[in-house]
> 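Got a structure for you, questions after.
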Protein chains: 2
Amino acid sequence: MINYTDTLRKHNLKATPQRIAIVDALFLNGHVSTESLYSIMLEKFSSISLATIYKNINLMLENCLIYEVKLPHAKSVYELTKSSHSHLLCKKCGNIEDVDINLETLVDKISKITEFQIDKTDFVLSGNCKNCHSF
Amino acid sequence: MINYTDTLRKHNLKATPQRIAIVDALFLNGHVSTESLYSIMLEKFSSISLATIYKNINLMLENCLIYEVKLPHAKSVYELTKSSHSHLLCKKCGNIEDVDINLETLVDKISKITEFQIDKTDFVLSGNCKNCHSF
DNA sequence: TACATAAAGAATAATCTTTATCTATTAAGT
DNA sequence: ACTTAATAGATAAAGATTATTCTTTATGTA
């Protein structure tokens with residue numbers, strides 16, 4: 001398991017074993033919901049409190065270590081903060097994938113038309129993944 | 001006030017005064033959260049139950065009369081179902097605007113690259129609206 | 001227009017979900 | 001090793017959503 005002590009400290013968070021394991025779980029699983037993170041954590045820390053999960057998710061959100069991805073017709077999932085990207089959601093199997101789409105030109109155009117200063121996008125594309133539509 | 005009896009019936013919903021008022025509130029306000037819908041409704045129906053709001057929102061969602069817009073760092077809002085469009089969110093004043101962006105070419109491209117069959121997009125662009133950045 | 005009936009509304013209880021509180025423990029700097 | 005502020009766990013509290021029960025009502029039919 002990678003040591004995320006520095007990562008946590010850089011985000012003004014004490015490096016507790018629980019937090020290191022949370023970051024590791026996000027790294028390994030990519031996109032994780034609150035309750036799924038709780039069950040993952042229970043395997044390593046049999047007496048971890050659900051409140052600890054919530055508290056740390058909120059702290060990590062505030063310190064921009066993780067990001068919340070809001071999905072249509074599903075609960076939010078959390079991911080480690082990366083450079084801006086979009087998400088693919090399979091409506092059948094629930095799988096979530098990152099996808100890099102260059103939205104710069106598009107956003108510039110919309111910015112001009114709407115007179116909005118846009119500095120962030122949340123883009124989720126839903127459908128069926130390769131496995132779920134090829135049979 | 002427009003009579004939404006037919007609209008409701010077309011979506012397999014009985015046209016009760018409460019439901020007509022909900023549809024009207026969404027039409028007039030564009031994007032409404034649960035609690036804000038509740039306060040709007042309380043003005044017309046002083047004894048309406050919050051459970052009625054939730055029940056009807058869910059029924060209208062199931063019957064595709066309304067759509068849930070999930071926003072970053074904010075509670076969901078609901079809108080009357082329209083043709084596919086994106087949303088602009090002002091991070092300062094909280095204002096939400098619809099914006100028509102033709103994503104077809106983009107989505108086709110991504111579909112080919114990722115081998116996902118994409119049939120829906122949820123696109124929220126966040127920033128500052130005209131009023132909030134021009135002063 | 002009145003009737004029958006399934007559905008909806010209001011009130012409220014019950015069930016999540018999330019946050020707050022309190023105490024014992026621990027990370028991290030000295 | 002020692003000190004201190006922050007964290008974890010346990011649990012209560014608060015907030016959000018759903019379920020239940022009973023009364024009322026929309027709507028199709030006679």
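Naming convention: chains lettered A, B, ... in sequence-line order (proteins, then strands); numbering from 1 in each chain.
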> Does B:N58 put a side-chain nitrogen or oxygen below 4.0 Å from OP1 or OP2 of D:dT18?
yes
> For DNA chain C, whose closest nucleotide is more 5', that of A:T16 or that of B:S47?
B:S47
> Tell me which nucleotide among D:dG9, D:dT25, D:dT7 gets nearest to the side chain of A:K14.
D:dT7
> Over how many whole Å does the gap from A:M41 atom CE to D:dA8 atom P extend?
9 Å
> Classify the nucleic acid contact of A:A15 as base, sugar-phosphate or nothing, counting any heavy atom under 4.0 Å across all strands shown.
sugar-phosphate
> Give the rounded distance in Å between these two atoms: CG of A:N63 and C1' of D:dT7.
14 Å
> Between A:S86 and A:L103, which heavy-atom pair has the shortest distance, and what is it?
OG-CD1, 4.1 Å
> Return the value, rounded to whole Å, for the distance between atom CD1 of A:I22 and atom C1' of D:dA8.
11 Å
> Find which nucleotide of DNA chain D each of B:T5 and A:L13 is nearest to by heavy atoms, and output the residue with the more 5' nucleotide.
A:L13
> For the side chain of A:F45, counting heavy atoms from C-beta on, which of C:dG9, C:dA11, D:dG9 is nearest?
D:dG9
> What integer distance in Å separates A:L59:CG from D:dA8:C1'?
12 Å
> Without decimals, in angstroms, what is the distance between B:Y38 OH and D:dG15 P?
15 Å
> Taking all non-hydrogen atoms of both residues, which atom of A:L89 and which atom of A:I96 are closest, and how far apart?
CD1-CG1, 4.0 Å
> Expressed in angstrom and rounded to an integer, what is the separation of A:N3 atom CG from C:dA27 atom C1'?
14 Å
> Does OP1 or OP2 of C:dT17 have a side-chain N or O of A:K75 closer than 4.0 Å?
yes
> Counting only side-chain N and O atoms of B:N56, is one of them less than 4.0 Å from OP1 or OP2 of C:dG9?
yes
> In whole Å, what is the span from the NZ atom of B:K55 to the C1' atom of C:dG9?
6 Å
> Between B:Y78 and B:N29, does any side-chain donor sit less than 3.5 Å from a side-chain acceptor?
no
> Checking contacts here: which listed nucleotide (C:dA10, D:dA5, D:dA10) is nearest the side-chain heavy atoms of A:S49?
D:dA10
> If the cut-off is 4.0 Å, is B:R9 near the phosphate of D:dT27, judged by side-chain N/O to OP1 or OP2?
yes
> Counting just side-chain N and O atoms, does B:Q18 come under 4.0 Å of either OP1 or OP2 of D:dT25?
no
> For B:L8 and D:dT27, what is the distance between atoms CG and P respectively, to the nearest whole Å?
9 Å
> Once the angle between the rings of B:Y67 and A:H73 is folded into 0 to 90°, is it parallel (under 30°), tilted (30 to 60°) or perpendicular (over 60°)?
perpendicular
> When you check the side-chain N and O atoms of B:E79 and B:H87, is any donor under 3.5 Å from an acceptor?
yes
> Indicate whether OP1 or OP2 belonging to C:dA27 is found under 4.0 Å from a side-chain N or O atom of A:R19.
no
